[in-house]
There are 2 protein chains.
Amino acid sequence: MSIEHIQSALEVFREFLKERDLKVTRQREILVRRIMEREEHFSAETLEDRVKGDGISKATIYRTLQLLCECGLVEEVALDDDRRMYEHVYGHDPHDHIVCVDCRKVFEFDGKPVLELQTRSTNNLGFTPVSHRMRIEARCDLLRETGACDRKEIKLI
Amino acid sequence: MSIEHIQSALEVFREFLKERDLKVTRQREILVRRIMEREEHFSAETLEDRVKGDGISKATIYRTLQLLCECGLVEEVALDDDRRMYEHVYGHDPHDHIVCVDCRKVFEFDGKPVLELQTRSTNNLGFTPVSHRMRIEARCDLLRETGACDRKEIKLI
DNA sequence: GTGGCTGCAAAGGATTTGCACTAAC
DNA sequence: GTTAGTGCAAATCCTTTGCAGCCAC
């Protein structure tokens with residue numbers, strides 16, 4: 001993500017904090033930068049690695065992640081059943097994830113069909129849709145054979 | 001679930017155990033019965049409640065749940081982010097879940113469209129589909145207004 | 001100066017594990 | 001009799017929390 005985009009994400013977060021009478025701290029700014037500068041899924045632990053040397057405690061990381069989710073810059077993703085995983089969604093198109101059961105790599109695919117399905121399923125039943133969480137488990141064997149690998153591919157952890 | 005269905009689920013489990021040279025124990029049989037006799041999502045903890053008085057330890061519950069998932073009688077469902085939730089899928093049509101963000105009730109909806117989407121998305125990208133996990137969050141306000149509530153509705157926990 | 005924020009360490013809660021004993025087969 | 005299963009308690013792992021001092025505003 002470009003420096004300008006990171007700046008504007010930071011601006012969004014500052015605005016959010018101001019609205020709630022919360023403070024813009026050194027730690028919060030560093031965390032936003034470190035999150036935005038990489039297109040990579042992360043956990044509290046891997047985020048801790050990214051800010052190693054910046055003197056930010058684990059507790060602050062967890063607390064800031066909550067704020068970033070409420071603010072909408074970050075979302076929790078259903079990649080792992082043992083720990084919470086996150087991604088920043090600032091300027092991203094909606095998408096969902098495929099996890100390869102063999103190599104554990106994570107792939108993103110177009111989320112519009114899922115969103116349509118979400119709208120249809122809920123409306124038909126008398127709900128107002130809010131959000132969804134989805135993960136497809138699959139094998140990437142065919143993918144590797146054909147080598148037709150032009151989509152976004154992200155290695156988990 | 002009728003007594004005959006429970007019996008046949010038990011038979012499936014016994015067969016699975018035999019294939020792996022594992023033993024059919026009192027605890028395992030009781031757990032299968034208690035799970036099958038209710039159409040209700042459950043966690044290790046609520047299952048512990050269901051077998052209260054049968055003298056089955058927490059450790060055995062966790063260990064048996066793993067076996068039942070491998071065996072295919074039970075599946076983990078993405079209902080809660082804080083604990084593992086399960087349902088038995090023996091003789092059930094494929095379905096996914098809507099959780100109301102207000103009242104936390106859980107509703108099931110037809111899973112065929114999601115399965116089709118799973119097949120399409122993975123095949124297009126060169127994967128072999130395995131499974132998926134999905135939860136839609138929504139508000140059941142409209143549903144309550146219209147009272148058109150003829151679908152399966154399950155209260156969580 | 002006030003009120004929120006941070007770091008630390010301790011607490012919490014779900015799940016797993018080591019081990020001696022018990023029970024299927 | 002052999003091998004796996006069980007119960008118990010301890011351990012593990014992720015996440016949250018209490019609190020005293022610190023820093024943004």
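Predicted, not measured: the structure shown is a model, and the values here were computed from it. Chain letters run A, B, ... following the sequence lines, proteins first and then strands; every chain starts at 1.
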Phosphate OP1/OP2 of [N] contacted by [X] side-chain N/O (<4.0 Å):
X: A:Ser57; N: C:dT6; result: no
X: A:Gln27; N: D:dC23; result: no
X: A:Thr25; N: C:dG4; result: no
X: B:Arg20; N: D:dA4; result: no
X: A:Arg28; N: C:dC5; result: yes
X: A:Tyr62; N: D:dT15; result: yes

Whole-Å gap separating [atom2] ([N]) and [atom1] ([X]):
X: A:Tyr86; N: D:dC14; atom1: OH; atom2: P; answer: 13 Å
X: B:Glu45; N: C:dG13; atom1: CD; atom2: C1'; answer: 10 Å
X: A:Ile61; N: C:dT6; atom1: CD1; atom2: C1'; answer: 12 Å
X: B:Glu76; N: C:dT15; atom1: CD; atom2: C1'; answer: 12 Å
X: A:Phe42; N: D:dT15; atom1: CZ; atom2: P; answer: 12 Å
X: B:Arg83; N: C:dG12; atom1: CZ; atom2: C1'; answer: 12 Å
X: B:Leu65; N: C:dT15; atom1: CG; atom2: P; answer: 9 Å
X: A:Glu48; N: D:dT15; atom1: CD; atom2: C1'; answer: 12 Å

Discussion item. For C:dT15, does the base pair up with any side-chain atom of B:Lys58 as donor and acceptor (N or O, under 3.5 Å, distance only)?
Written reply: no
Item to complete: Record whether the side chain of A:Arg63 comes under 3.5 Å of the base of C:dG7 through a donor-acceptor pair of N or O atoms.
Response: yes
Worksheet item: With distance as the sole criterion, is a donor-acceptor pair present between the side chains of A:Glu75 and A:His92 under 3.5 Å?
Response: no
Can you name the closest pair of heavy atoms from [X] and [Y] and give their distance?
X: A:Arg104; Y: A:Leu79; value: NH1-O, 4.4 Å
X: B:Arg28; Y: B:Phe13; value: CB-CE2, 3.9 Å
X: B:Pro94; Y: B:Leu115; value: CB-CD1, 3.7 Å

Fill in: B:Arg14/B:Glu11 ion pair, N-O < 4.0 Å
yes
Practice prompt. Run the salt-bridge test on A:Glu37 and A:Arg50 with the 4.0 Å N-O cut-off and return the result as yes or no.
Written response: no
Worksheet item: DNA chain D: A:Val24 or B:Thr64, which has the more 5' nearest nucleotide?
Response: B:Thr64
Discussion item. Taking the nucleotide of DNA chain D with the nearest heavy atom to each, does B:Ala59 or B:Asp21 sit closer to the 5' end?
Written reply: B:Asp21
Check every atom of [options] against the side chain of [X] and return the nucleotide holding the closest atom.
X: B:Lys23; options: C:dG4, C:dC25, C:dG7; value: C:dC25
X: A:Gln66; options: D:dT16, C:dC8, C:dA14; value: D:dT16
X: B:Arg84; options: D:dT3, C:dT16, C:dA9; value: C:dT16

Worksheet entry | Nearest-nucleotide 5' precedence on DNA chain C, B:Asp82 against B:Arg26 | B:Asp82
